[in-house]
Amino acid sequence: MTDLAECENSVVAGAERETQQGGSQAVGAEGVTIAPVALVNGTPLTELPEDLYIPPDALEVFLETFEGPLDLLLYLIRRQNLSIVDIPIADITRQYIAYIEMMSELRIELAAEYLLMAAILAEIKSRMLLPRPASPEQQEDDPRAELVRRLQEYERYKHAAQRLDVLPRCERDVFETSADTSAIQVRKVYPEVDLKEVLLAFQDVLRRAERLTHHRIQREPLSVRERMSSILARLRTQLLVPFPALFERKEGRHGAVVSLLAILELGKERLIEIIQDEPLGELLVRPLMASGAD
Amino acid sequence: MELKSIIEAALLAAGRPLSLAELENLFAEHERPEPAEIQAALADLAADCRDRPVELKQVASGYRLQVRAAFSPWVSRLFEERPGRYSRAFLETLAIIAYRQPVTRGEIEDIRGVAVSSSIVRTLQERGWIQVVGHKEVPGRPALLATTKQFLDYFNLRSLDELPPLQEFLDDLALESAPKAQPMIENADHEST
Amino acid sequence: MELKSIIEAALLAAGRPLSLAELENLFAEHERPEPAEIQAALADLAADCRDRPVELKQVASGYRLQVRAAFSPWVSRLFEERPGRYSRAFLETLAIIAYRQPVTRGEIEDIRGVAVSSSIVRTLQERGWIQVVGHKEVPGRPALLATTKQFLDYFNLRSLDELPPLQEFLDDLALESAPKAQPMIENADHEST
């Protein structure tokens with residue numbers, strides 16, 4: 001409501017400034033045949049009702065502030081403090097058609113809806129003139145009923161839109177917040193793997209290997225293989241390890257066997273070497289470096 | 001680390017509302033707090049914010065920290081374009097969809113008495129405020145439009161129930177002369193102070 | 001409104017660093033604070049943040065509030081991507097390393113009959129499942145790959161012995177029939193007691 005009222009004020013202010021020239025120009029432009037502004041009850045009306053007068057330039061702006069014929073009608077009704085449920089249809093129709101006539105006179109292209117509404121109003125008016133039987137259903141027979149319903153419904157949403165507009169809103173009243181996250185370390189999430197998948201994969205590998213190549217897959221006790229890995233891993237940090245240190249007492253005899261097999265296998269694969277600085281001296285194990293290799 | 005601080009950190013890091021479920025999922029299963037504990041921490045956080053320029057707000061898709069409306073005179077200068085000014089046609093179309101959903105374009109046109117501009121519908125969709133939720137089983141199977149969670153988030157609402165109530169017919173109101181619009185406006189004032 | 005609060009509001013709303021000039025421009029000319037006042041307010045704000053999950057940081061393009069690294073364990077969950085599945089090639093490579101360790105890449109390729117992609121080896125290393133335990137003393141000194149303790153932990157194994165024997169695998173190798181060594185199991189028992 002407020003912005004509409006403001007708009008109207010500015011239109012009127014503009015009107016005062018331009019009354020003289022604006023008015024005469026419009027007449028000149030239209031040439032000799034000054035069409036009546038409106039036909040009221042068949043009587044041509046060459047002058048607009050005073051309360052309706054808006055200079056042509058402003059009129060276009062004015063009309064743009066309406067969201068269609070229902071909005072324009074509501075404006076006409078509300079500003080005269082009339083009741084929607086009992087619209088003085090003749091007056092309102094006259095005023096509405098006056099606007100429409102002005103529009104076409106000014107060659108302002110009107111949306112078809114405005115013309116349709118003019119027709120509806122004219123039709124209601126003519127039905128109002130017909131004698132109506134006094135019946136209990138009179139209320140519902142009121143030719144205005146459908147228009148009233150539409151006006152009421154439109155007005156509800158028009159107000160709802162205005163109230164929506166004043167709700168505190170993001171980017172205008174309140175603002176979403178965010179802080180920088182570059183200091184946050186994002187953990188990498190890895191896919192889950194089921195051990196069975198690994199086994200199935202290996203089974204496939206073996207089958208393929210058998211079929212495709214003559215590669216012989218030797219079986220070695222995994223524990224020996226594992227021990228080989230752990231010894232190598234240890235030798236990466238400790239470049240020289242006393243031979244006995246590679247055996248763990250708590251592992252018992254079997255553990256010792258595994259370690260020994262692993263050391264021997266590593267030696268055979270030339271991954272480590274076992275050295276003795278002096279006869280009967282301590283046995284030492286060290287990784288075989290490129291430089292140390294033959 | 002305090003639960004309340006973790007929640008604040010997450011809300012600021014996310015830069016969007018986080019639901020209770022999302023807040024729960026910040027934690028590994030074995031350390032996951034009960035929903036009630038998270039609720040309590042949220043209440044604490046809201047209280048902490050009392051003297052700060054941000055407030056904790058629950059909207060449709062969860063909780064968010066937002067800069068209070070009182071700071072908009074300064075903060076809005078950060079945004080060159082002045083968003084948030086919408087035409088009446090835009091707002092009326094949105095209001096009809098919000099209050100009457102699901103609704104077809106034809107129904108909107110019936111209510112407004114004018115054609116609905118395609119660009120308005122497109123803009124509403126691009127903003128993620130409305131979506132097509134189905135098709136009406138009438139000739140032409142027109143799309144049924146409804147609002148989204150983002151619409152509620154943007155307008156600071158938790159659910160459609162929080163929309164200002166649709167007024168009864170104004171003439172009826174005038175008779176009762178009970179200004180029903182009042183509570184809604186008071187409410188808005190509260191939030192902005 | 002307190003200068004410090006306005007700055008905090010702006011930094012959180014912007015979600016990016018703001019320069020001193022940008023902070024000054026939050027204010028209309030007649031109320032614009034001196035740069036020194038803004039600096040002082042920034043210092044205040046930084047002090048206020050001491051007990052909060054964000055810290056004020058000066059970077060090249062200005063000042064920003066950032067979530068402290070200490071909140072990574074929780075906040076990072078917001079940004080984690082749902083993992084996909086590993087490829088067949090990945091699983092085969094892993095299986096070969098597990099059963100044949102220590103093994104070189106070339107040996108894996110011989111067994112699989114196709115080249116081993118570097119990214120698979122890298123992913124296995126990143127995940128901490130394999131490591132380089134040495135280099136084979138052959139031309140090129142290829143790395144010897146073996147599984148790690150983490151690999152065993154992940155698959156809930158106490159030692160490689162517990163890798164389930166493949167029936168076909170065993171049948172295949174029955175001829176060579178080196179009896180499976182027991183000690184590792186004893187060992188495992190030790191460790192668990």
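First the proteins, then the strands, lettered A, B, ... as listed; each starts at 1. As the structure is a computational prediction, the values presented were derived from the model and not from experiment.
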Inset, instruction - Against chain A, label Gln131(C) side chain, backbone, both or neither, depending on which of its atoms sit under 4.5 Å from a heavy atom there. - result: side chain
Legend entry - Top of Asp194(A), Leu235(A), Leu195(A) for chain C proximity - count of heavy-atom pairs under 4.5 angstrom: Leu195(A)
Inset, instruction - Answer with side chain, backbone, both or neither: which region of Val67(C) has an atom nearer than 4.5 Å to a non-hydrogen atom of chain A? - result: both
Legend entry - Shortest non-hydrogen contact between Ser178(A) and Gly15(C), atoms and distance: OG-CA, 3.3 Å
Legend entry - Pair Glu197(A)-Arg85(C), salt bridge (Lys or Arg N to Asp or Glu O under 4.0 Å): steps then yes or no: CA-CA 11 Å; Glu197(A) 293 177 84; Arg85(C) 286 174 59 81; 3.1 Å; yes
Legend entry - Greatest number of heavy atom pairs closer than 4.5 Å to chain A - which of Arg64(C), Arg68(C), Arg77(C): Arg64(C)
Legend entry - Contact check, side chains of Thr181(A) and Phe71(C), non-hydrogen atoms, under 4.5 Å: no
Legend entry - Toward chain A, the part of Trp129(C) with a non-hydrogen atom under 4.5 Å: side chain
Inset, instruction - Determine the option with the most heavy-atom pairs under 4.5 angstrom with chain A, choosing from Leu65(C), Asn156(C), Val133(C). - result: Val133(C)
Inset, instruction - Assess the side chains of Tyr86(C) and Glu192(A): does a donor N or O sit below 3.5 Å from an acceptor N or O? - result: no
Inset, instruction - Would you check if Phe202(A) and Leu91(C) make a side-chain contact, meaning some heavy-atom pair closer than 4.5 Å? - result: no
Inset, instruction - Please look at Leu78(C) and chain A and tell me whether the side chain, the backbone, both or neither of the residue comes under 4.5 angstrom of a heavy atom of that chain. - result: neither
Legend entry - Atom group of Glu176(A) that falls short of 4.5 Å from chain C, counting heavy atoms: backbone
Legend entry - chain A contact via Leu145(C) - side chain, backbone, both or neither, heavy atoms under 4.5 Å: neither
Inset, instruction - Please answer whether the main-chain N or O of Val132(C) pairs with a side-chain N or O of Arg236(A) as donor and acceptor at a distance below 3.5 Å. - result: yes
Legend entry - Interface moiety of Ser182(A) toward chain C, non-hydrogen atoms closer than 4.5 Å: side chain
Legend entry - Side chain to side chain, Ser230(A) and Lys149(C), heavy atoms closer than 4.5 Å: no
Legend entry - Proximal component of Leu152(C), with respect to chain A [non-hydrogen, under 4.5 Å]: side chain
Inset, instruction - Count the heavy-atom pairs under 4.5 Å between each of Arg127(C), Glu92(C), Arg88(C) and chain A, then report the option with the highest count. - result: Arg127(C)
Legend entry - Contact winner vs chain C - Pro191(A), Ala201(A), Ala183(A), heavy-atom pairs under 4.5 Å: Pro191(A)
Inset, instruction - Under 4.5 Å heavy-atom distance to chain A, tell me which part of Arg16(C) shows up: side chain, backbone, both or neither. - result: neither
Inset, instruction - Say whether Arg227(A) and Ser159(C), considering side chains only, have a donor N or O and an acceptor N or O under 3.5 Å apart. - result: no
Inset, instruction - State, yes or no, whether a side-chain contact exists between Pro102(C) and Leu232(A) at a heavy-atom distance under 4.5 Å. - result: yes
Inset, instruction - Would you check, one step at a time, whether the test side chain to side chain contact (heavy atoms under 4.5 Å, CB included) holds for Val59(C) with Asp180(A)? - result: CA-CA 11 Å; Val59(C) 292; Asp180(A) 183 85; over 6 Å; no
Inset, instruction - State, yes or no, whether a side-chain contact exists between Phe175(A) and Leu12(C) at a heavy-atom distance under 4.5 Å. - result: no
Inset, instruction - Name the member of Ile272(A), Leu266(A), Val186(A), Val193(A) that forms the most heavy-atom pairs with chain C at distances under 4.5 Å. - result: Val193(A)
Legend entry - Glu126(C) and Tyr190(A): CA distance, side-chain angles, deciding distance, side chain to side chain contact (heavy atoms under 4.5 Å, CB included) verdict: CA-CA 10 Å; Glu126(C) 260 174 30; Tyr190(A) 297 104; 3.9 Å; yes
